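This is a predicted model, so every value here is computed, not measured. In what follows, chains carry the letters A, B, and so on, assigned in the order in which the sequence lines appear, proteins first and then strands, with residues in each chain numbered from 1.
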2 protein chains.
Amino acid sequence: MDKSVRETSLAGRLKTACAQCSLRELCLPVGLNQDEVARLDRLVGARRKVLRQQPLYRAGDPFEALYAIRVGFFKTDVLNEDGRNQVTGFQMAGEILGMDGISSEMHSCNAIALEDSEVCVIPFDQLESLGRDIGALQHNLHQVLSREIVRDHGVMMLLGTMRAEERLAAFLLNISQRFTVRGFSHAEFHLRMTREEIGSYLGLKLETVSRAFSKFQDEKLISVQQRRIRILDSAGLKKALERRSG
Amino acid sequence: MDKSVRETSLAGRLKTACAQCSLRELCLPVGLNQDEVARLDRLVGARRKVLRQQPLYRAGDPFEALYAIRVGFFKTDVLNEDGRNQVTGFQMAGEILGMDGISSEMHSCNAIALEDSEVCVIPFDQLESLGRDIGALQHNLHQVLSREIVRDHGVMMLLGTMRAEERLAAFLLNISQRFTVRGFSHAEFHLRMTREEIGSYLGLKLETVSRAFSKFQDEKLISVQQRRIRILDSAGLKKALERRSG
DNA sequence: GGTTCCGTTTGATCCACGTCAAAGCGGGAA
DNA sequence: TTCCCGCTTTGACGTGGATCAAACGGAACC
């Protein structure tokens, strides 16, 4: 009884503190006690709104903080000397941005909002310092960093071994699954990014992406109207992930 | 005087403790004092030899430790459901393996020795615990994790935007640079991996890799005899990185 | 020295995707 | 409503790299 009351009030505090999204991934799964959550909460004071198409940070900016997405949608991309551009990821509410900056005290990619967004600013030196006191928080940070590495390996697999339609199927299933986790429909959603941005992420040209969408629609796996996607046959999409034996 | 004596003896201790390679990247750049180094040293007691072609760990193995390569050469790769394989990296002395395992308490890729190798075993829970005492050590771990993320972004750029010869040029320059840092010749070295492994890493077939080697040789950028590579014109190789405008 | 095995090179052909071009569509502004 | 503009779709064609095939070369073993 006492315990359930405490949990309720804790949930209430968090709702106002971080909505229900942002820091769940970074801190809540690790089971902090009330005092520890309060300390974390103090650390994550600042909020920052980022309008659509505006950068949260840019390559070369000094690294100061990680960012937990409260609401919105981002892409990250890197630009190399000769102007080529690679989208390295799309991030949605509850995910963490900025980890690329830790290694050199400077961000190495751009983080651009694809819709009006809001993030919690987590000053990194303070996070490290709090992690020294709260082992569970420290461990969770390590998991978040490692998860990003594992995700990147998945993208390498996609870019290195899959063909166009397999890449798009993997992309759609991944997006769908992440929307589902956030309580949205897994079958119907709208993409925040252009065909060109999808293509950059998947290592394809925008025309190829468009053709693959059309092909999936012809095969009744999905329906496409601009950026509105409905998944009609997710088992079929999963089968499209397997290399056709040719 | 006193100080220089202390440094000498410290260097002596480290040489026996970790040779000159392994933990430099993980701990030494951060300026630990003598006592802190001793504590770290105790943590890194165990060594492990790994014979050529043998795994240091495999996907699915429980995650227990990070590994600092003392001597040798590794590849990491991931395997997906339908049997496709992607080499995600090549690691040499002084680099850290195992970071993929933190997120899920289980390794998600294979680490295979490409020559007889030896690693220092760093039990991760003890490393976290020591990091809580030694802020500089904790921060350095974060940097190592972040550096891996940044490296992965570079590979994505390579796989997503570059053509075959550009990829191989980038690969050769990267390997050359890393050998140089370790005090080996930047101009002449021998590759520990097969054409097929290079191809997997670069998202190319082995025949394409071989043709690109031959092309570079024809152009007098390198000389190739099997796995023995000599870089004849590194400026020319760097130019091969830029997309030819044609 | 000869044989075997595995990795590498090289050639001929094929095809998935890129490139170039043009038309379609939807949303915002006037 | 109409125009405009950026995104998307679709078609025709070209090409870089994959595929298939065969020969070559070095190292280990007999």
Which nucleotide in [options] has an atom nearest any side-chain atom of [X]:
| X | options | result |
| --- | --- | --- |
| B:Thr194 | D:dA18, D:dT9, C:dG7 | C:dG7 |
| B:Ser214 | C:dT9, D:dT10, C:dC17 | C:dT9 |
| A:Leu204 | C:dT8, D:dG17, C:dG18 | C:dG18 |
| B:Arg211 | C:dA12, D:dC7, C:dA21 | C:dA12 |
| A:Val224 | D:dA18, D:dT9, C:dG18 | D:dT9 |

Given salt bridge (Lys or Arg N to Asp or Glu O under 4.0 Å), test B:Glu166 with A:Arg84 step by step and report yes or no.
CA-CA 13 Å; B:Glu166 295 168 341; A:Arg84 272 177 285 195; 2.8 Å; yes
Using ring-ring contact (aromatic ring centres under 6.0 Å, His included), reason through A:Phe184 and A:Phe189 one step at a time and then give a plain yes or no.
CA-CA 8 Å; A:Phe184 299 110; A:Phe189 47 85; over 10 Å; no
Flag side-chain contact, heavy atom, 4.5 Å: [X] against [Y]:
| X | Y | value |
| --- | --- | --- |
| B:Val87 | B:Met193 | no |
| A:Lys49 | A:Asp116 | no |
| B:Ile229 | B:Phe213 | yes |

[N] [atom2] sits how many Å from [X] [atom1], rounded?
| X | N | atom1 | atom2 | answer |
| --- | --- | --- | --- | --- |
| A:Arg52 | D:dG6 | CZ | P | 13 Å |
| B:Ile222 | C:dT8 | CD1 | P | 14 Å |
| A:His190 | D:dC7 | NE2 | P | 14 Å |
| B:Arg163 | D:dA18 | CZ | C1' | 15 Å |
| A:Lys205 | D:dT8 | NZ | C1' | 16 Å |
| B:Gln53 | C:dG7 | CD | C1' | 12 Å |
| B:Gln225 | C:dT9 | CD | P | 11 Å |
| B:Glu166 | C:dG18 | CD | P | 14 Å |

What contact category does [X] fall into here, base, sugar-phosphate, or nothing, at under 4.0 angstrom with non-hydrogen atoms?
| X | answer |
| --- | --- |
| A:Glu207 | base |
| A:Ser210 | base |
| B:Leu206 | base |
| B:Gly203 | sugar-phosphate |

Parallel, tilted or perpendicular: ring planes of A:Tyr57 versus A:Tyr67, cut at 30 and 60 degrees
parallel
Do you know which of B:Arg182, B:Arg147, B:Arg151 makes salt bridge (charged side-chain N to carboxylate O under 4.0 Å, His left out) with B:Glu95?
B:Arg182
Which residue lies toward the 5' end of DNA chain C, A:Arg167 or B:Arg227, if each is placed at its nearest nucleotide?
B:Arg227
For D:dT9, take OP1 and OP2 only and decide whether either is under 4.0 Å from a side-chain N or O of A:Arg195.
yes
I'd like to know whether CD of A:Gln217 has more than 12 heavy-atom contacts from other residues, nucleotides or ligands below 6.0 angstrom.
yes
How bent is the helix from C:dG1-D:dC30 to C:dA30-D:dT1, comparing axes over its five end pairs at each side, to the nearest 10°?
40°
